[in-house]
> 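Provided herewith is a single structure, encoded as structure tokens, for subsequent inquiry.
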Amino acid sequence: MDMSTKYNPKEVEQGKYERWLEAGYFKADVSSDKEPFTVVIPPPNVTGKLHLGHAWDNTLQDIITRMKRLQGYEVLFLPGMDHAGIATQAKVAERLRKEGIEIKDLTREEFLEQTWKWKEEYASFIRESWAKFGLGLDYSRERFTLDEGLSKAVNKIFVDLYNKGLIYRGEYIINWDPSTQTALSDIEVIHKEVEGNFYHVKYELEDGGHVEIATTRPETMLGDTAIVVNPEDDRYKDLIGKYAILPIVGRKLPIIADRYVDMEFGTGVMKVTPAHDPNDFVLGETHNLERINVMHEDGSINELGGQYEGLDRFECRKQLVKDLEAAGHMIKIESHVHSVGHSERSNAIVEPYLSTQWFVRMDPLAEKALENQDTDQAIKFVPERFEGTFSRWMKDIKDWVISRQLWWGHQIPAWYHNETGEIYVGETPPEDLENWTQDEDVLDTWFSSALWPFSTLGWPDDTEDMKKFFPTNVLVTGYDIIFFWVARMIFSSLEQTGQKPFDDVLLHGLVRDDQNRKMSKSLGNGVDPLDVIEDYGADALRYYLATGSTPGQDIKFSNERVESVWNFINKIWNASRFSLINIGDNFTMDDIDLSGEKSLADKWILTRLNETIDAVTRLSDKYEFSEAGRVLYNFIWDEFCDWYIEMAKIPMAQGTGQEQQMTRSVLLYTLDKILKMLHPFMPFVTEEIYQQINGEASIVVSEWPKVDESLSEQSAKKEMATLVEIIKSVRQTRNEVNTPLSKPIDIHIEVKDESLKSRIEANSHYITRFTNPESLVITEKVTLEEETKTDVLSDVTVILPLAGLINFEEEVARLEKELKRLDGELKRVNGKLNNEKFTSKAPEAVVEEERQKRDRYTAQYEEVNTRLTTLKSRL
RNA sequence: GGUCCCAUAGCUCAGUGGGAGAGUGCUUGCUUGACAUGCAAGAGGUCGGUGGUUCGAAACCACCUGGGACCACCA
């Protein structure tokens with residue numbers, strides 16, 4: 001045995017991960033006949049280092065897979081990373097800019113070369129973090145969303161969907177980020193409440209008079225092509241079919257009617273700008289209006305903006321407002337809070353923009369995904385409520401813009417004929433390639449992430465991995481990416497493989513700081529998981545993250561709690577030290593023999609161990625790790641350490657050889673099961689202790705504990721409960737009368753039941769051990785003339801003669817209070833039992849429990865009452 | 001506007017139909033031979049409010065109050 005008195009995470013963690021990898025414990029064997037269990041890691045972006053959210057996510061995956069590995073499954077925990085198109089491109093561009101290089105001065109190839117370098121750099125940071133976290137990943141199967149196999153899958157799916165008519169190209173209003181100059185999907189746009197203005201502009205009518213139109217984006221009026229009112233609106237009915245004049249520009253705008261207009265809102269008159277607003281775009285389509293796009297891709301005004309050409313959109317707004325005011329066209333400006341879309345990545349204000357893009361037709365895919373939830377193939381969401389989040393989103397989903405005007409990503413497998421303009425879409429380039437030009441755009445990152453559970457296993461090829469490890473078993477991720485990722489994996493997998501991508505989805509929340517703010521780079525409030533590991537060790541961090549909240553709830557990061565986990569691990573460490581010291585060097589797992597005569601402590605702890613194994617297994621299967629962790633914590637600290645080990649010290653100090661052997665067996669047996677149950681939560685320290693016991697053998701590939709009913713004895717629990725009650729009673733009194741354990745006192749225990757009396761006598765050495773009596777008398781009837789403290793317990797009465805230490809009157813008062821309490825309990829219990837509705841409707845077990853309580857309280861009441869009477873007679 | 005989550009001890013949070021719990025903090029005592037990062041004893045809660053369902057509600061339902069998240073095209 002070589003263990004310091006203090007748990008040192010750095011020493012413990014040193015070198016373990018490398019040894020696990022060398023031994024190949026995490027390598028999944030496709031030819032194994034064991035049942036497979038598969039988890040794919042949610043691929044982190046290669047944009048930066050891993051944060052606490054990753055640590056949490058990965059810990060849960062690792063706990064699940066380590067547990068399954070111990071339970072005899074062929075486990076595949078597959079690692080990989082995401083190229084993260086926009087985010088990575090932006091980071092690389094930023095770094096280049098710092099080096100004085102502008103992205104537009106590079107060719108596509110040159111830029112990609114730089115980006116691959118970046119990717120390699122960050123990939124190694126990420127792998128270092130995974131190692132620190134202790135993740136049991138099969139690196140032989142590591143994937144990257146841009147690698148060859150995955151690109152093949154992406155192309156195949158693009159072509160398939162195109163051929164099925166589920167991917168199309170067209171000119172529509174999309175969300176445009178003028179900063180990164182790319183299209184964005186709806187969910188990449190973050191809406192924020194912004195203090196803006198409502199500009200009320202006067203549009204003169206051709207025939208005289210005017211209408212008042214309110215807008216929040218006056219610069220878009222440069223692209224107005226109509227005025228619209230509600231056909232039912234009496235105020236404006238007459239105007240329909242006439243013309244208004246666009247201020248400044250002077251264009252004639254037809255006044256049209258459409259029920260879309262809300263008569264109650266604003267002035268009830270709306271300008272229509274089909275090229276710069278999604279609703280106006282739809283109006284433009286139904287009414288066949290011209291689309292005038294007045295902006296360049298960088299958000300500045302183009303030549304169609306006349307005198308404003310070249311101005312940035314917000315500069316143009318200012319200038320236009322000035323000009324409208326000068327021309328007497330500005331009626332009023334009201335301040336107005338409204339929600340404005342911002343780019344998730346660049347935070348630039350998103351411009352609704354007319355643009356030619358590629359889209360996925362969502363309705364048929366969404367329908368399939370929703371229908372699947374009504375079959376026996378339904379995906380189980382944990383917690384359940386997120387299935388609602390998923391289906392609500394799927395139900396009114398819009399088509400998905402998948403093209404991005406970037407370089408870093410999967411270039412769209414579409415080619416345009418240089419002369420005819422004909423489109424070719426295929427997995428391989430057209431044969432006469434010199435006549436064709438490939439689409440410059442790449443696909444949305446999430447298009448490839450959506451294929452992750454099967455593209456990583458070799459799909460579309462009919463690989464052995466696909467056959468063995470797909471569908472995967474559980475996907476663990478944050479609820480914040482249900483739309484981005486989970487939903488898209490589900491419809492993609494159902495469409496492409498005909499199977500669900502995973503059986504279960506376990507959703508966790510977000511990591512927040514101590515002020516309950518989301519941890520983010522911009523706030524600078526992020527906590528680096530590697531710093532936490534440096535201070536407390538990976539095992540403490542993992543246990544904290546796994547048990548710090550329930551599924552779907554956010555976690556408020558607390559250093560204090562991680563520290564208290566460190567204390568717990570230190571406790572485990574020292575309990576193991578005790579065990580190892582006491583079993584000695586020559587006793588091993590093979591020497592465990594539980595067939596001989598066991599002490600009460602042995603029987604009790606083995607019974608409780610069985611119950612703990614059962615509970616931890618059950619709770620973990622339901623992903624209730626905080627409960628499983630609590631059960632383990634209580635068993636280990638409160639029962640194994642505080643009671644069993646203390647009791648085991650007796651035979652170890654003064655028992656016979658046989659008794660010592662049994663104690664060694666039970667100690668080691670229990671410790672072994674404890675370590676195995678803890679291992680998924682804290683892999684490093686459990687491995688260290690396991691190897692202290694077993695030498696080279698690794699706990700990683702050991703076996704999950706099983707309940708052994710032959711070791712359970714329910715009666716031991718009851719006997720133990722009585723002993724604990726007696727011991728606690730004495731301790732309590734010792735505290736009250738300020739008599740430390742070092743000072744022996746006389747203890748009398750009155751037991752009316754003969755068989756209970758003999759059982760307590762047989763175990764009196766435990767009472768002696770914990771209470772340090774001068775004399776211990778266990779008898780049927782105690783009669784003492786001196787002053788006593790009397791504690792009436794469930795089955796026995798503890799009487800301590802404490803002449804001079806306790807006050808007669810106080811003792812009487814205490815007993816009276818006790819009598820009153822028992823009286824209250826009795827009234828409550830009798831109230832229930834006398835209620836016919838209770839006895840007839842409540843389950844028999846519950847009624848029986850109440851009856852037993854009544855009997856116990858009655859006996860206690862009588863006992864206390866007798867004592868009290870005696871005591872009073874002496875006053 | 002719609003949907004969802006949260007409200008339990010000073011603090012952080014478990015507990016989802018039959019005895020109000022843990023960690024931490026606080027009080028008191030203890031150099032007990034694994035651990036003072038520990039041991040023992042203790043104080044501290046009308047489980048946000050109101051009403052309902054039930055023999056029985058912290059838990060289930062409705063409404064209300066307060067906090068938070070997400071979704072949504074209101075010019």
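A, B, ... follow the sequence lines: proteins, then strands. Residue 1 opens every chain. Scope of the values below: all heavy atoms of this structure, side chains included, with no hydrogens, waters or symmetry mates.
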> State yes or no: are the ring centers of A:F483 and A:F390 separated by less than 6.0 Å?
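No, too far apart.
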> Centroid-to-centroid, A:Y544 to A:W56, below 6.0 Å?
no
> Considering only the C1' atoms, how many Å lie between B:U50 and B:A7, rounded to the nearest integer?
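To the nearest whole Å, 16 Å.
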> Report which part of the nucleic acid A:S564 touches: base, sugar-phosphate, or nothing (heavy-atom distance under 4.0 Å, all strands).
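Result for A:S564 = sugar-phosphate.
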> Would you state whether a donor and an acceptor, one from the side chain of A:Q553 and one from the base of B:A14, lie under 3.5 Å apart?
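Checked by distance alone, the answer is no.
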> Which part of the nucleic acid does A:K271 contact within heavy-atom distance under 4.0 Å: base, sugar-phosphate only, or nothing?
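If one applies the 4.0 Å heavy-atom cut-off, A:K271 turns out to touch nothing in the nucleic acid.
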> Across all strands shown, which nucleotide pairs with B:C74 by Watson-Crick or G-U wobble geometry, both distances under 3.5 Å?
none
> Grab the CE-C1' distance between A:M263 and B:C74 for me, whole Å please.
15 Å
> Once you apply a heavy-atom cut-off of 4.0 Å, does A:K398 come out as touching a base, just sugar-phosphate, or nothing?
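A:K398: backbone/sugar contact only, no base atoms under 4.0 Å.
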> Give one of base, sugar-phosphate or nothing for A:P352, where a contact means two heavy atoms less than 4.0 Å apart.
nothing
> With sugar-phosphate meaning primed atoms plus P, OP1 and OP2, does A:L510 contact a base, only sugar-phosphate, or nothing at under 4.0 Å between heavy atoms?
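No contact at all - A:L510 keeps every heavy atom at 4.0 Å or more from the nucleic acid.
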> B:C39, OP1 or OP2 - any side-chain N/O from A:W637 closer than 4.0 Å?
yes
> Quick one: label A:E836 by what it contacts on the DNA or RNA (base, sugar-phosphate, nothing), any heavy atom closer than 4.0 Å.
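It contacts nothing in the nucleic acid.
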> Which part of the nucleic acid, if any, lies within contact of A:N279, taking any heavy atom under 4.0 Å across all strands shown: a base, the sugar-phosphate backbone alone, or nothing?
base
> B:C6 and B:A62: how far apart are their P atoms, nearest whole angstrom?
14 Å
> Has the side chain of A:Y260 got a donor or acceptor that lies under 3.5 Å from a partner of the other kind on the base of B:C73?
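Checked by distance alone, the answer is yes.
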> Would you check, one step at a time, whether the test side-chain hydrogen bond (donor to acceptor under 3.5 Å, both in side chains) holds for A:Y199 with A:N197?
CA-CA 6 Å; A:Y199 301 91; A:N197 289 314; 3.2 Å; yes
> Within the structure shown, what part of the strands sits under 4.0 Å from A:F483 by heavy-atom distance: base, sugar-phosphate, or nothing?
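Sugar-phosphate: the residue A:F483, judged by heavy atoms under 4.0 Å, touches backbone atoms but no base.
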> Just checking A:R769: base, sugar-phosphate only, or nothing, at a heavy-atom cut-off of under 4.0 Å?
base
> Considering heavy-atom distances to RNA chain B, does A:R561 or A:Q732 have its closest nucleotide positioned more toward the 5' end?
A:R561
> Looking at A:K571, I'd like to know whether one of its side-chain N or O atoms comes within less than 4.0 Å of OP1 or OP2 on B:C35.
no
> Can you find a side chain N or O atom of A:T550 that sits less than 4.0 Å from OP1 or OP2 on B:A14?
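Yes.
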> Just name whichever nucleotide pairs with B:A7, Watson-Crick or G-U, keeping both distances under 3.5 Å, else none.
B:U65
> Would A:Y203 and A:D224 count as having a side-chain donor-acceptor pair, cut-off 3.5 Å?
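Distance-only check passes for A:Y203 and A:D224.
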> Pick base, sugar-phosphate or nothing for A:S579, based on heavy-atom distances below 4.0 Å to the nucleic acid.
nothing
> For the atom pair CZ (A:R577) and NZ (A:K6), what is the distance rounded to the nearest 0.5 Å?
13.0 Å
> In whole Å, what separates the P atom of B:U3 from that of B:C63?
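Pairwise P distance, B:U3 against B:C63, rounds to 10 Å.
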> Select from A:T267 and A:E850 the residue whose nearest nucleotide in RNA chain B is closer to the 5' end of that strand.
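Mapping each residue to its closest nucleotide by heavy atoms, the 5'-most match is A:E850.
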> Between A:F770 (CZ) and B:C39 (C1'), how many Å, whole number?
11 Å
> What is the pairing partner of B:G18, taking Watson-Crick or G-U wobble pairs with both distances under 3.5 Å in any strand?
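B:G18 is paired with B:C55.
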> Respond yes when some side-chain nitrogen or oxygen of A:K853 is under 4.0 Å from OP1 or OP2 of B:G18, and no when none is.
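Answer no for this pair, as no side-chain N or O of A:K853 is under 4.0 Å from OP1 or OP2.
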> Specify the separation, in whole Å, of atom CG of A:D258 and atom P of B:C73.
18 Å
> Would you say the side-chain atoms of A:Q860 and A:S794 include a donor-acceptor pair closer than 3.5 Å?
no
> Rounding to a whole Å, what distance do you find between A:L545:CG and B:U12:C1'?
15 Å
> Have a look at A:R313 and tell me which of A:E219, A:H276, A:E351 forms a side chain to side chain donor-acceptor pair (under 3.5 Å) with it.
A:E351
> Need the pair for B:C39. Rule: Watson-Crick or G-U wobble, both distances under 3.5 Å, any strand; none if unpaired.
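Across any shown strand, B:C39 pairs with B:G29.
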> Identify whether any heavy atom of A:D277 sits under 4.0 Å from a base atom; if not, whether one sits that close to sugar-phosphate; answer base, sugar-phosphate or nothing.
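Nothing, no heavy atom under 4.0 Å.
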